[in-house]
J.: 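Dropping a structure here in structure tokens format, bear with me for questions.
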Amino acid sequence: MSFDKSKYKVWTWKNPLVLHWIINPGLAFNELLLGQRVPKITLIEKDSKKPLAERTFVPCPYCGTLHSSLKWTPQNNTAFKNWFGLYCDNCHKIIPCVRNLTSLVVIVLTFPVWYWFKDRWKQDWLKTQEVKFSKPLVLTQPEFKWWYVGLRFAFFMFVITSLFNYVFFREEFTWKSLFLDSVSWIIGGLIFGIVMKKISGSNLSNRGEKKTQQAT
Ligand SMILES: [Zn+2]
């Protein structure tokens, strides 16, 4: 597919956010268990005053529809369970997504397990998508609760790092270190929430940023 590069910035795997999705092993959890997916191509409308999410589009390579990225969000109950990719509600095909490297390894290693029921599962999944996407979808950005996003992130990171420290690295457990860890994660999480709010709410239409990436 070719896109009007004067109108859209094209994000592919070369974009740092997408690349992060591919290489961060922790995100295999989101991809394999939660079914969260990142499309291979994302278009960002340039020179627009709208918030980032409202000018982010996902093109369908089969029918050419430019979908609002807000189609796949928790508010529409469509952000997760996208194990086979993002469903195009126009042509009923599956928009290709990038693959996290760790999940790729897990998928290859568990091949003998899932191979036998994948076709059946895919058919059922496609039927579920049709039902989900036949309902009216909300395509405006929900209010961003930065503190909620930050604390959820902090809790998640706290659990993961504690698990690593005490179980895998066998660090000596003390209540003091657990307390200090939780405090630092709460602070870190709140900073993360503020940064995410800035990213999602900012309109990156500053004239200096004119670099576009080639679609592959
Ligand atoms: Zn389509």
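All values reported here derive from a predicted model rather than from experimental measurement. Counting convention: from 1, in listed order, for ligands and their atoms alike.
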J.: Can you spot which of Phe111, Phe117, Trp116 makes a ring-ring contact (aromatic ring centres under 6.0 Å, His included) with Trp114?
T.: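 Checked Phe111, Phe117, Trp116 against Trp114; only one passes ring-ring contact (aromatic ring centres under 6.0 Å, His included): Phe111.
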J.: Of all residues at least two apart in sequence or in a different chain, which pass the ring-ring contact (aromatic ring centres under 6.0 Å, His included) check with Trp21?
T.: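 By the ring-ring contact (aromatic ring centres under 6.0 Å, His included) rule, Trp21 matches no residue at all.
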J.: Run the salt bridge (Lys or Arg N to Asp or Glu O under 4.0 Å) test against Arg170 and tell me which residues pass, sequence neighbours left out.
T.: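 Checked Arg170 against salt bridge (Lys or Arg N to Asp or Glu O under 4.0 Å); zero matches.
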J.: Say you draw a straight line from NE2 of His67 to CG of Leu139; how long is it, rounded to the nearest 0.5 Å?
T.: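 Separation between the atoms: 11.0 Å.
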J.: Do you know the tightest heavy-atom contact between Arg37 and Cys97?
T.: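 For Arg37 and Cys97, the tightest heavy-atom pair comes out as NH2-CB, 3.5 Å.
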J.: What protein atoms of element N, O or S are positioned under 2.8 Å from the Zn ion (ligand 1)?
T.: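 Sorted hits: Cys60 SG, Cys63 SG, Cys88 SG, Cys91 SG.
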J.: So which pairs with a foot in residues 174-194 pass ring-ring contact (aromatic ring centres under 6.0 Å, His included), sequence neighbours left out?
T.: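 Found Phe153-Phe192, Phe173-Trp175.
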